[in-house]
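Residue numbers start from 1 in every chain, and the chains themselves are labelled A, B, ... in the order their sequence lines are given, proteins ahead of strands.
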Amino acid sequence: MTYSDLSYWDIGTAALLLCINAGLSIYYQLGVAKRLLIAAMRMVVQLTLVGLVLKALFATVSPWLTLLCALAMIAFAGREAMARQDRTFVGFWGYGLGTLSMLMAAGVVTLFAMTTQFHADPWYDPRYAIPVLGMILGNTMSGVSLALDRLLSDADNGRAKIEARLALGQSFRTAMREPLKGAMRAGLIPTVNGMAAAGLVSLPGMMTGQILAGVDPVEAVKYQLLIMFLIAGGTALGVFCAVMLALNRITDPRQRLRLDRLQLP
Amino acid sequence: MLNIDQLSRAILQPISLRFPDGCCIVVRGASGSGKSLMLRAIADLDPSTGQVSLDGIDRNEMPAHEWRRRVTYVAADSGWWLERVGEHFEAPDIAAGYLVRLGFHGDVMAWPVTRLSTGERQRLALLRAMVQNPRVLLLDEPTSALDPEATAKVESVLHEKIAAGVIVIMVTHDAAQAKRMSKRRYQMKDGALSEESA
């Protein structure tokens with residue numbers, strides 16, 4: 001079995017579905033038509049450009065260009081993670097906290113995968129490194145933004161509870177135990193659910209892609225398992241880093257609750 | 001002995017006060033004049049400048065949570081973070097001894113927090129702080145949600161604590177209560193604290 005090239009006509013007909021959705025939205029005045037179309041346009045433009053960039057990148061196999069590309073992806077992920085939070089830190093940490101956690105988590109996991117499981121030559125071959133980083137980063141980004149959003153809104157909304165505990169002489173770590181647990185859970189649940197439902201409810205995207213491209217399903221499953229473990233590890237590491245950094249940043253050496261360091265978007 | 005020296009923060013002008021053991025002062029003043037800010041600054045819940053020390057030990061010489069265990073702030077509507085009332089108390093059995101004196105009947109410790117009225121929450125929040133035996137109680141309108149009968153009960157327990165050496169700094173709107181509680185009465189106006197003339 002081989003994979004068949006898609007024509008632009010094939011893609012265009014698939015996009016028709018979206019136009020039907022937009023039509024329904026306009027008819028029922030749901031107000032999502034514009035956002036739907038803008039998001040679709042963004043996707044088309046972004047993916048087309050990425051396709052071209054990747055083609056050039058894969059042709060050169062330069063370590064520096066690969067690194068540059070990876071850093072750019074992390075920088076975008078940081079911005080996207082911040083945009084998904086209701087509250088962020090003021091100043092550098094608003095952007096820096098999520099970005100640093102992702103740099104750390106996705107970077108470590110990608111390096112680990114590239115130097116051990118993927119036998120690429122050279123080890124940084126962008127044909128492997130960039131898609132792997134992308135998959136890990138996409139999931140880590142969701143986890144980090146969910147966890148931070150939860151932690152910061154729980155801290156803000158739960159101010160009376162937290163300060164009552166601080167006032168009674170509990171340590172900041174103790175006073176934040178429930179918000180901390182909630183944030184960790186919020187960040188990790190999508191990954192846990194994804195692993196639990198894999199294969200039963202949905203075929204993961206990467207595996208589907210490989211099968212469509214003609215790969216033996218058993219081989220595709222092996223790749224998917226590897227990726228899922230990398231994703232789960234990366235997300236857990238990223239969520240942990242982000243929550244710990246945020247916990248540090250929302251207090252000070254006198255264990256106060258420093259909500260003055262938060263801002264609404 | 002609680003010693004406050006040039007304590008200051010945003011809105012609040014520098015405050016210097018000395019409190020011997022078993023002393024109670026009351027602070028009155030309009031909403032937003034800085035009364036709560038002052039109590040929070042003493043408890044080190046908000047950043048402030050100046051020195052605060054207890055029995056000659058500066059608050060910065062101990063971890064913040066140990067300071068707050070000795071110098072405990074009780075907000076007017078304090079938070080509850082667990083399901084049941086009793087779970088919030090460090091020593092529920094000691095607290096149980098005060099329940100009847102504060103006007104409670106039955107097993108309030110087993111109640112879910114949501115069952116409490118505002119006034120019940122207020123009395124229990126005070127009790128929760130009190131049974132941890134702090135040296136200083138910073139009380140922010142501790143009887144604002146109470147009827148005269150319950151207020152008298154709270155005051156009687158507080159008088160007993162003060163007689164036992166606890167230092168109480170109390171914010172209240174009630175002039176009659178201020179007179180009942182202390183001879184040292186202060187006014188807070190636009191962040192400036194001044195002693196009331198008799």
Side-chain angles (χ1 to χ4, degrees), chain A residues 86-94 147 149-186 243-264, chain B residues 9-10 36-37 39-49 52 54 58-83 87-91 95 113 118 121-122 124-140:
Chain A
D86 271 347
R87 291 166 187 73
T88 54
F89 286 99
V90 293
F92 165 77
W93 289 104
D149 185 49
R150 177 68 177 273
L151 183 75
L152 301 187
S153 46
D154 276 7
D156 203 359
N157 298 330
R159 178 183 171 178
K161 295 179 188 185
I162 298 164
E163 290 205 320
R165 303 181 74 167
L166 292 178
L168 286 166
Q170 299 187 3
S171 70
F172 189 75
R173 194 51 72 79
T174 309
M176 287 296 286
R177 194 179 285 148
E178 274 72 30
L180 178 74
K181 265 162 69 179
M184 289 285 190
R185 205 170 295 156
V243 167
M244 284 303 155
L245 277 175
L247 209 57
N248 247 313
R249 188 62 200 151
I250 205 173
T251 186
D252 59 19
R254 296 305 289 171
Q255 304 191 38
R256 305 174 185 118
L257 179 63
R258 297 297 299 270
L259 293 176
D260 55 316
R261 290 180 181 166
L262 297 187
Q263 65 182 3
L264 298 170
Chain B
R9 56 169 293 185
S36 301
L37 294 182
L39 295 186
R40 289 175 56 92
I42 298 171
D44 213 0
L45 282 167
D46 291 326
S48 57
T49 58
V52 185
L54 183 66
D58 190 90
R59 63 181 176 184
N60 288 317
E61 281 170 33
M62 63 180 89
H65 63 275
E66 284 179 24
W67 174 258
R68 293 184 198 120
R69 182 159 275 269
R70 292 170 171 82
V71 180
T72 303
Y73 170 69
V74 184
D77 193 3
S78 195
W80 298 80
W81 57 92
L82 293 172
E83 186 76 22
E87 294 172 320
H88 296 82
F89 284 80
E90 202 162 65
V113 171
T118 314
R121 273 205 309 276
Q122 198 165 39
L124 287 168
L126 173 65
L127 181 59
R128 185 174 69 180
M130 221 176 60
V131 295
Q132 293 193 158
N133 288 321
R135 294 272 287 105
V136 180
L137 275 171
L138 307 167
L139 305 179
D140 202 343

Check whether Arg159(A) gets within reach of chain B through its side chain, its backbone, both or neither, counting any heavy atom under 4.5 Å.
-> side chain
Asn157(A) and Arg87(A), any side-chain heavy atoms less than 4.5 Å apart | yes
Top of Gln255(A), Lys161(A), Arg254(A) for chain B proximity - count of heavy-atom pairs under 4.5 angstrom | Arg254(A)
Applying a strict 4.5 Å limit to non-hydrogen atoms, the region of Arg40(B) in contact with chain A is side chain
How far does CG of Leu54(B) sit from CD of Glu66(B), to the nearest 0.5 angstrom?
-> 12.5 Å
In terms of heavy-atom contacts, Ile162(A) and Asp154(A) come closest through CD1-O, 4.3 Å
Any residue of residues 170-180 of chain A which, by heavy atoms, sits under 4.5 Å from chain B = Gln170(A), Ser171(A), Glu178(A)
Counting only heavy atoms closer than 4.5 Å, note whether Pro134(B) contacts chain A via side chain, backbone, both or neither.
-> neither
Sort Ala129(B) into side chain, backbone, both or neither according to what part of it lies under 4.5 angstrom from a heavy atom of chain A.
-> both
Answer yes when Arg121(B) and Asp77(B) have at least one side-chain N-carboxylate O distance shorter than 4.0 Å, and no when they do not.
-> yes
Of all heavy-atom pairs between Leu82(B) and Val113(B), which one has the smallest distance, and what is that distance?
-> O-CG2, 3.6 Å
Identify whether the distance between the nearest side-chain nitrogen and carboxylate oxygen of Arg256(A) and Asp44(B) falls below 4.0 Å.
-> yes
Between Gly169(A), Ala164(A), Ala160(A), the one whose heavy-atom pairs under 4.5 Å with chain B are most numerous | Gly169(A)
Salt bridge between Arg258(A) and Asp260(A), side-chain N to carboxylate O under 4.0 Å?
-> yes
Can you tell if the side chain of Asp86(A) reaches within under 4.5 Å of the side chain of Leu264(A), non-hydrogen atoms only?
-> no
Can you label the angle between the Phe89(B) ring and the Trp80(B) ring as parallel, tilted or perpendicular, going by 30° and 60°?
-> tilted
